[in-house]
Amino acid sequence: MTADDTFGRLDDDDYPAYTMGRAAEMLNTTQGFLRAIGEARLITPLRSPGGHRRYSRYQLRIAARARELVDSGTPIDAACRIVILEDQLEEAQRINAETRRGTKLTSTPPAA
C-alpha cells in the first residue's frame, strides 16, 4: 500500500488509522482499558506489521460507548455485553427499515 492509498482511506470508518496510544488519548482513557475491552472481545484491533494494535474510527466509537458505561459504574464485562447488544439492535433496525422500504418499492397494487 502506498502513502497515497493510505491517505485516501482515512475517510474509511473501518480503516485502522490510530495507534493504541493515540486511541487512548482520543478517548481520554488508558491503554489498559483498550486491552481489557479487546480481551472481552468487544473490539479486535488489527495489528501493524510490527504487531502493534491499530484502531478504526468505528472501533473508537464502540470503545467510547463502553467507557461511558464503565464511568457510570457498569462492570467492564457487562458494559461490553451492553454495547454488543446495542450494536446488534441498531443493525437489526437498519435491516428492518431497508426491508420495509424495499417492500414498499416492489409492492404493486392489486389488479382491478
Side-chain angles (χ1 to χ4, degrees):
M1 179 176 285
T2 67
D4 288 338
D5 292 340
T6 301
F7 182 71
R9 295 200 56 205
L10 291 177
D11 287 338
D12 182 350
D13 241 12
D14 296 317
Y15 182 68
Y18 303 97
T19 64
M20 177 181 269
R22 180 67 180 129
E25 180 182 307
M26 291 171 67
L27 296 173
N28 196 28
T29 191
T30 64
Q31 293 180 16
F33 176 78
L34 293 173
R35 282 188 208 95
I37 62 175
E39 290 170 12
R41 300 191 188 274
L42 178 60
I43 57 175
T44 304
L46 292 175
R47 298 283 182 150
S48 70
H52 301 283
R53 291 173 180 89
R54 304 285 294 198
Y55 297 89
S56 69
R57 289 187 309 195
Y58 173 75
Q59 289 173 323
L60 294 183
R61 283 195 302 276
I62 295 292
R65 176 63 180 133
R67 185 77 234 176
E68 288 174 11
L69 291 167
V70 169
D71 287 348
S72 68
T74 305
I76 197 162
D77 288 342
C80 290
R81 282 192 297 270
I82 290 167
V83 173
I84 288 167
L85 291 170
E86 287 174 343
D87 198 48
Q88 289 172 343
L89 176 60
E90 184 179 317
E91 177 68 7
Q93 289 172 330
R94 184 191 61 75
I95 290 169
N96 285 342
E98 286 177 5
T99 301
R100 276 187 245 112
R101 280 193 302 274
T103 302
K104 290 178 186 175
L105 293 176
T106 58
S107 295
T108 55

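Values reported hereafter were calculated over all heavy atoms of this structure, with side chains retained and with hydrogens, waters and symmetry mates removed. This is a predicted model, so every value here is computed, not measured.
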Q: Output all residues satisfying side chain to side chain contact (heavy atoms under 4.5 Å, CB included) with Leu85, sequence neighbours left out; order by chain, then residue number.
A: Gln88
Q: Excluding sequence neighbours, so at least two apart, what forms side chain to side chain donor-acceptor pair (under 3.5 Å) with Gln93?
A: none
Q: Show every side chain to side chain donor-acceptor pair (under 3.5 Å) that has at least one partner inside residues 70-80, sequence neighbours left out.
A: Arg67-Asp71
Q: Just to verify, what does Arg22 make a side chain to side chain donor-acceptor pair (under 3.5 Å) with, not counting sequence neighbours?
A: Glu25
Q: Thinking salt bridges, do Arg57 and Asp14 make one under a 4.0 Å N-O criterion?
A: no
Q: Name every donor-acceptor pair, under 3.5 Å, that has one atom in a side chain of residues 39-46 and the other anywhere in the protein, sequence neighbours excluded.
A:
none

Q: Leu27 and Ala63: which non-hydrogen atoms are nearest, and at how many Å?
A: CD1-CB, 3.6 Å
Q: Quick test of your reading: applying salt bridge (charged side-chain N to carboxylate O under 4.0 Å, His left out), list the pairs with at least one residue in residues 29-38, sequence neighbours left out, ordered by first then second residue.
A: none
Q: Okay, side chain of Arg54, backbone of Arg47: is any donor-acceptor separation there less than 3.5 Å?
A: no
Q: Do any pairs count as a salt bridge (charged side-chain N to carboxylate O under 4.0 Å, His left out) and have a residue in residues 79-88, sequence neighbours left out, and if so which ones?
A: Arg65-Glu86
Q: Please name all residues satisfying side chain to side chain contact (heavy atoms under 4.5 Å, CB included) with Ala92, sequence neighbours left out, ordered by chain then number.
A: none
Q: Test of understanding: with side chain to side chain donor-acceptor pair (under 3.5 Å), list the residues that count as partners of Glu90, not counting sequence neighbours.
A: none
